[in-house]
Amino acid sequence: NITRDIAPEDVPALFVRWAPRASLSPFEHGLCAAIHAFGEISDEGAFSYFFCARGSAARTAREVLRTAGADEAARVLDKALALVDFSEDVTRRRAMLDGLDDDKRTALSALQWELDSLREPTLAALAKYARTHRAALS
């Protein structure tokens with residue numbers, strides 16, 4: 001159990017701690033999805049995120065970001081979802097990769113900079129959300 005306040009800088013560490021666990025509560029799963037989407041897109045770009053296996057949780061990540069009060073980060077995910085023919089099946093998403101035009105590829109890549117500029121407020125919102133729901137953390 002987490003017995004202290006979660007600081008924004010602790011949020012990525014929570015993802016690393018939970019990622020290998022086989023069974024997560026719905027709250028933990030959603031929080032991990034949001035942390036991963038935020039971290040992956042802001043570090044590598046939406047292009048990288050959507051075509052990896054964990055990109056299958058993009059809709060969950062968007063909803064948790066919105067629920068946590070990270071509305072601007074959720075809007076970045078909305079933009080990305082609007083650019084691709086989103087499927088939770090990573091094989092289908094990868095199959096459509098060749099069909100993406102240069103404009104869509106560039107737009108997906110550019111979303112990295114939008115999320116990177118939202119790093120502090122997004123991490124603060126996720127930390128506050130995790131603190132508020134501490135009882136759901138195991």
Side-chain angles (χ1 to χ4, degrees):
N1 286 344
I2 296 174
T3 57
R4 61 181 177 81
D5 283 349
I6 301 168
E9 60 271 13
D10 293 335
V11 174
L14 289 176
F15 172 74
V16 170
R17 182 174 355 150
W18 289 338
R21 290 183 36 194
S23 63
L24 298 176
S25 72
F27 173 82
E28 290 169 322
H29 175 75
L31 189 57
C32 282
I35 292 166
H36 184 269
F38 171 75
E40 179 75 12
I41 294 172
S42 64
D43 288 343
E44 302 293 332
F47 191 81
S48 171
Y49 173 69
F50 274 104
F51 297 99
C52 77
R54 289 205 176 135
S56 299
R59 287 189 179 117
T60 299
R62 177 192 59 195
E63 292 310 311
V64 172
L65 286 167
R66 188 171 284 123
T67 301
D71 293 327
E72 292 299 318
R75 276 194 270 286
V76 172
L77 267 175
D78 282 335
K79 288 181 189 180
L81 286 164
L83 287 168
V84 297
D85 181 20
F86 183 74
S87 168
E88 290 185 5
D89 179 0
V90 68
T91 305
R92 286 185 61 202
R93 286 197 316 277
R94 287 179 181 161
M96 63 162 243
L97 181 59
D98 290 336
L100 286 181
D101 62 33
D102 288 342
D103 290 340
K104 285 186 179 181
R105 288 174 183 260
T106 301
L108 280 170
S109 296
L111 294 177
Q112 171 183 1
W113 308 114
E114 285 189 56
L115 271 193
D116 191 54
S117 69
L118 298 171
R119 185 171 298 275
E120 297 228 359
T122 301
L123 290 176
L126 288 169
K128 181 179 178 184
Y129 179 66
R131 264 196 310 273
T132 302
H133 295 85
R134 183 185 317 236
L137 303 173
S138 55

Parallel, tilted or perpendicular: which fits the ring planes of Phe27 and Tyr129, with parallel below 30° and perpendicular above 60°? tilted
Would you say [X] and [Y] make side-chain contact, with heavy atoms under 4.5 Å?
X	Y	value
Leu77	Glu63	no
Leu65	Val76	no
Phe47	Val84	no

Donor-acceptor contact below 3.5 Å, side chain [X] vs main chain [Y]:
X	Y	result
Ser42	Asp116	no
Arg93	Phe51	no
Ser117	Glu114	yes

Check the pair Asp43, Arg119 against side-chain contact (heavy atoms from CB on, under 4.5 Å), reporting the backbone distance first and the verdict last. CA-CA 10 Å; Asp43 288 343; Arg119 185 171 298 275; 3.0 Å; yes
N-O pairing of Arg75 and Asp78 below 4.0 Å: no
Would you compute the distance between atom [atom1] of [X] and atom [atom2] of [Y] and round it to the nearest 0.5 angstrom?
X	Y	atom1	atom2	result
Leu83	Arg105	CG	CZ	12.5 Å
Gln112	Tyr49	CD	OH	15.0 Å
Arg62	Asp71	CZ	CG	12.5 Å

Verify the neighbour count for atom CZ of Arg92: are there more than 12 heavy atoms of other residues, nucleotides or ligands below 6.0 Å? no
List the steps, then state whether side-chain hydrogen bond (donor to acceptor under 3.5 Å, both in side chains) holds for Ser48 with Glu40. CA-CA 8 Å; Ser48 171; Glu40 179 75 12; 2.8 Å; yes
